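The chains referred to below are lettered A, B, ... by the order of the sequence lines, with proteins before strands, and numbering in each begins at 1. No experiment lies behind these values; they were computed from the predicted model shown.
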Number of protein chains: 2
Amino acid sequence: MRRRRETVITKIKDVAEVAGVSAATVSRVLNNVSTVDPAMAVRVREAVDKLGYRSNGVARSLRRRRTDVWALIISDISNPFFTSVARGVEDVAQRAGFSVVLCNSDEDPDKEAKYFDVVERERVAGVILSPNLVGSDISLLISAGIPVVAVDRPLRHPVDCVRGDSVEGARIATRHLFEEGWTRPACVTGPETAETAEQRLTGYRQAFVDRGLRPAKSLVRHADFRAGMARESVAALLDSRNPPDSFLIANSTMALGALEEFAHRGLLPGRDIGLVAFDDAPWARFVNPPMSTVRQRAYEIGALAGQLLLERIQGASGELELEPKSELLATELVVRASSRRASTSTA
Amino acid sequence: MRRRRETVITKIKDVAEVAGVSAATVSRVLNNVSTVDPAMAVRVREAVDKLGYRSNGVARSLRRRRTDVWALIISDISNPFFTSVARGVEDVAQRAGFSVVLCNSDEDPDKEAKYFDVVERERVAGVILSPNLVGSDISLLISAGIPVVAVDRPLRHPVDCVRGDSVEGARIATRHLFEEGWTRPACVTGPETAETAEQRLTGYRQAFVDRGLRPAKSLVRHADFRAGMARESVAALLDSRNPPDSFLIANSTMALGALEEFAHRGLLPGRDIGLVAFDDAPWARFVNPPMSTVRQRAYEIGALAGQLLLERIQGASGELELEPKSELLATELVVRASSRRASTSTA
DNA sequence: TTGTACGCGTTATCAC
DNA sequence: GTGATAACGCGTACAA
């Protein structure tokens with residue numbers, strides 16, 4: 001037990017005194033304003049070092065009436081897709097001199113609303129948001145004049161949005177299953193309220209139409225985006241009268257549920273059953289057999305969202321308001337063993 | 001193209017005018033100060049609603065000379081262990097009226113240092129930190145008087161630390177391998193600079209000693225915490241003159257590398273080879289066969305770290321400095337098929 | 001119980 | 001190029 005060490009806080013004024021200049025000059029030096037005598041700048045910097053002065057960001061933000069902070073509000077931080085998005089956002093922000101704070105809303109509208117509240121109060125410079133499933137109300141941010149960019153899922157409000165091309169991804173994945181020789185691919189997708197889930201279903205159906213087939217309703221199941229319910233859906237499909245011989249699964253977490261059910265029944269993907277899942281999770285290539293996926297360019301989605309936010313922030317000083325952009329990034333089919341059918345004959 | 005909508009910012013003074021009171025009274029109402037006439041409070045709140053007033057957190061923080069924000073600086077946000085830690089921290093913070101911002105340092109000391117810089121400037125109320133591998137220098141935070149709690153890995157500075165009991169976890173896991181009938185368990189652990197990695201190695205060795213055996217150096221490999229190098233280590237061990245018959249792997253990411261190498265060689269865990277890995281990743285029970293793990297109570301680690309931080313923050317007003325606490329939370333062995341040996345005889 | 005007045009630490013505006 | 005001064009929006013000691 002010892003006494004708490006008192007922390008001395010040096011202010012800009014202290015630096016000014018030591019350097020023998022005014023506080024204004026110190027501020028100018030610290031902010032690299034051109035109109036400053038080099039000799040003085042040196043004296044100021046010496047004083048800063050000597051005192052260990054550190055500027056107070058809070059006071060700075062108050063005076064400048066803006067911050068250099070972005071809020072990245074993510075609906076599920078444990079989803080590897082979003083961690084990659086975050087990296088993309090961070091890199092862009094960093095280069096532009098902004099810092100990023102991550103907020104995990106956990107698909108919980110209340111938590112999300114709470115974050116809207118604080119980031120608005122803290123006057124963040126901008127928000128990048130992956131909306132929750134039921135649809136987020138960002139009017140609080142809009143009326144505060146805070147630029148918002150949506151990722152992965154669109155918003156009601158007219159704001160920029162960046163996502164992967166789910167329709168095309170699902171279509172190509174399903175076509176691939178057909179081309180491998182599977183004849184009855186099923187689709188286990190997310191809830192109807194999720195735009196992303198619906199788009200993946202649409203792409204799946206298009207692949208049927210492409211081949212002149214009618215997509216069977218009995219081959220489609222809606223689940224939440226979690227593993228447990230996905231497993232049940234897979235089980236139900238396998239137990240149906242006319243069971244599928246292959247699966248398109250709407251995300252990587254749900255794929256875990258599918259894998260579990262397959263293992264439970266002794267079905268080996270790529271031999272007994274076909275499997276492609278959205279999102280190229282790190283573990284996808286490590287499971288047995290390696291899992292085919294639809295890879296979204298998650299990092300690029302984040303980076304592009306960052307770019308758009310940057311434009312909004314910088315454009316805020318200008319006269320004109322840009323129309324909201326909606327960007328769709330190409331997805332990529334990653335073929336591994338789980339979707340193969342040829343292996344049956346070679347085995 | 002349309003003109004940018006000008007955002008009107010209502011201040012506490014505007015509310016005061018509308019309500020016909022002084023700004024001080026408005027402030028008191030908003031901060032729930034007891035000494036306020038209920039009738040006036042009502043008038044104030046009405047004015048707040050009417051104007052859509054929202055307090056300015058920046059100004060508030062400056063005046064109060066403190067914030068209600070915690071920074072949670074995580075070394076790898078894609079590690080499920082840390083996402084669980086984050087949830088624990090958030091729940092405690094929330095209940096105590098703090099908000100949490102997540103900072104992903106990505107095991108990069110530069111990034112981490114950058115975060116130290118901004119959170120100090122922004123005067124966060126406290127920091128919870130999972131230090132990077134080489135050891136973090138938090139003196140910046142310390143000298144600013146910002147309380148710090150370390151999670152998962154200890155720090156040089158005398159601050160509170162909360163982690164899982166790696167020694168005991170590794171020991172029990174290794175004992176379990178012996179008890180299942182495996183005779184030559186190997187250990188693939190993290191870099192020597194990582195305290196956590198060393199502790200897992202220590203526990204592994206203790207299990208040998210417990211059985212009166214001498215832990216063989218040839219059965220131990222150090223890798224980074226990533227999958228690729230772990231796979232190489234596993235391969236090298238399997239190719240050695242006296243190969244192991246089972247493995248203890250130091251985290252879940254490395255386990256992916258091990259699984260890949262096993263699959264590559266046609267070795268099925270739980271039949272041909274034994275496997276236990278640290279960290280109960282979501283996918284662990286979904287791989288084939290389900291993987292035995294050492295589960296750390298990640299959520300509880302986060303929650304406890306939050307508690308300790310809370311005490312530091314609240315205690316900051318008091319006279320005495322508490323001694324740093326070091327908390328070790330029990331780990332739990334989750335036995336699944338991958339570590340079984342009995343299955344050989346029953347197959 | 002309420003209002004007045006000041007200050008939190010910084011930056012922007014003006015004179016010089 | 002530099003310095004004094006005001007202002008950013010709010011909380012609180014003090015007086016009433």
Side-chain angles (χ1 to χ4, degrees), chain A residues 7-45 47-48 51-69 118 120-125 144-145 317, chain B residues 7-45 47-48 51-68 97 118 120-125 144-145 317:
Chain A
T7 312
V8 270
I9 24 160
T10 38
K11 317 187 276 191
I12 212 170
K13 209 177 167 185
D14 304 325
V15 178
E17 278 180 19
V18 170
V21 298
S22 75
T25 299
V26 176
S27 173
R28 279 191 275 258
V29 172
L30 264 41
N31 291 290
N32 296 314
V33 175
S34 51
T35 65
V36 63
D37 181 34
M40 262 194 166
V42 172
R43 284 200 350 247
V44 168
R45 293 194 197 287
V48 166
L51 296 177
Y53 167 77
R54 316 214 72 237
S55 67
N56 182 323
V58 178
R60 178 172 219 251
S61 297
L62 176 61
R63 177 60 242 226
R64 300 176 63 185
R65 312 186 61 171
R66 62 191 175 81
T67 63
D68 295 334
V69 176
V118 310
E120 193 274 327
R121 285 199 147 83
E122 297 299 333
R123 304 293 196 259
V124 296
S317 55
Chain B
T7 311
V8 271
I9 26 162
T10 39
K11 317 188 278 189
I12 212 170
K13 208 177 167 186
D14 304 324
V15 177
E17 278 179 20
V18 170
V21 298
S22 75
T25 300
V26 176
S27 172
R28 280 190 275 258
V29 171
L30 265 40
N31 291 291
N32 296 313
V33 175
S34 51
T35 64
V36 64
D37 181 35
M40 263 196 163
V42 172
R43 274 185 18 230
V44 168
R45 293 193 198 286
V48 166
L51 296 176
Y53 168 77
R54 316 213 71 237
S55 68
N56 182 322
V58 178
R60 178 171 216 251
S61 297
L62 176 60
R63 179 61 244 233
R64 300 174 64 191
R65 311 186 64 178
R66 60 191 178 83
T67 63
D68 295 334
V118 310
E120 192 274 327
R121 285 201 147 82
E122 297 300 333
R123 304 293 195 261
V124 296
S317 54

Problem set entry | Under 3.5 Å donor-acceptor, A:T67 side chain and A:R123 backbone |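 Indeed, once roles are kept as given, a pair shorter than 3.5 Å links the two residues.
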Problem set entry | Any residue meeting salt bridge (charged side-chain N to carboxylate O under 4.0 Å, His left out) with B:R64, in chain and number order, not counting sequence neighbours | B:D68
For this session: Check salt bridge (charged side-chain N to carboxylate O under 4.0 Å, His left out) between A:R43 and all other residues, then give those that pass, not counting sequence neighbours.
Result: none
Nearest heavy-atom neighbours spanning [X] and [Y]:
| X | Y | result |
| --- | --- | --- |
| B:A23 | B:A16 | N-CB, 3.6 Å |
| B:A59 | A:L62 | CB-CD1, 3.7 Å |
| B:A41 | B:V29 | CA-CG2, 3.9 Å |

d([atom1], [X]; [atom2], [N]) in whole Å:
| X | N | atom1 | atom2 | answer |
| --- | --- | --- | --- | --- |
| B:R123 | D:dC10 | CZ | P | 21 Å |
| A:L51 | C:dG9 | CG | C1' | 15 Å |
| A:E17 | D:dG3 | CD | C1' | 14 Å |
| B:D68 | D:dG11 | CG | C1' | 13 Å |
| A:R121 | D:dG9 | CZ | C1' | 13 Å |
| A:K11 | C:dT11 | NZ | P | 14 Å |
| B:N32 | D:dT12 | CG | P | 13 Å |
| B:L30 | D:dG9 | CG | P | 16 Å |

Distance from [X] atom [atom1] to [Y] atom [atom2], nearest 0.5 Å?
| X | Y | atom1 | atom2 | value |
| --- | --- | --- | --- | --- |
| A:L30 | A:R45 | CG | CZ | 7.0 Å |
| B:E120 | A:N56 | CD | CG | 8.5 Å |
| A:R54 | A:T10 | CZ | OG1 | 9.5 Å |
| B:E122 | B:S61 | CD | OG | 9.0 Å |

Exercise. What side-chain hydrogen bond (donor to acceptor under 3.5 Å, both in side chains) pairs are there with at least one residue in residues 14-30 of chain A, not counting sequence neighbours?
Worked result: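 Matches after skipping sequence neighbours: A:S22-A:T25, A:S27-A:N31.
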Seminar exercise, completed: Bend of the helix from C:dT1-D:dA16 to C:dC16-D:dG1 from end-axis comparison, five pairs per end, nearest 10°, comes to 40°
Between the protein and nucleotides 1-3 of chain C, list the N/O to N/O atom pairs that are separated by less than 3.5 angstrom.
| unit_1 | atom_1 | unit_2 | atom_2 | d |
| --- | --- | --- | --- | --- |
| C:dT2 | OP2 | B:D37 | N | 2.6 |
| C:dG3 | OP2 | B:S22 | N | 3.1 |
| C:dG3 | OP2 | B:S22 | OG | 3.1 |
| C:dG3 | OP2 | B:T25 | OG1 | 2.5 |
| C:dG3 | N7 | B:R28 | NH2 | 2.6 |
| C:dG3 | O6 | B:R28 | NH1 | 3.3 |

Exercise. Under a 4.0 Å heavy-atom cut-off, which of residues 53-66 of chain B touch DNA chain C?
Worked result: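 Within residues 53-66 of chain B, the residues near DNA chain C are B:L62, B:R63, B:R65.
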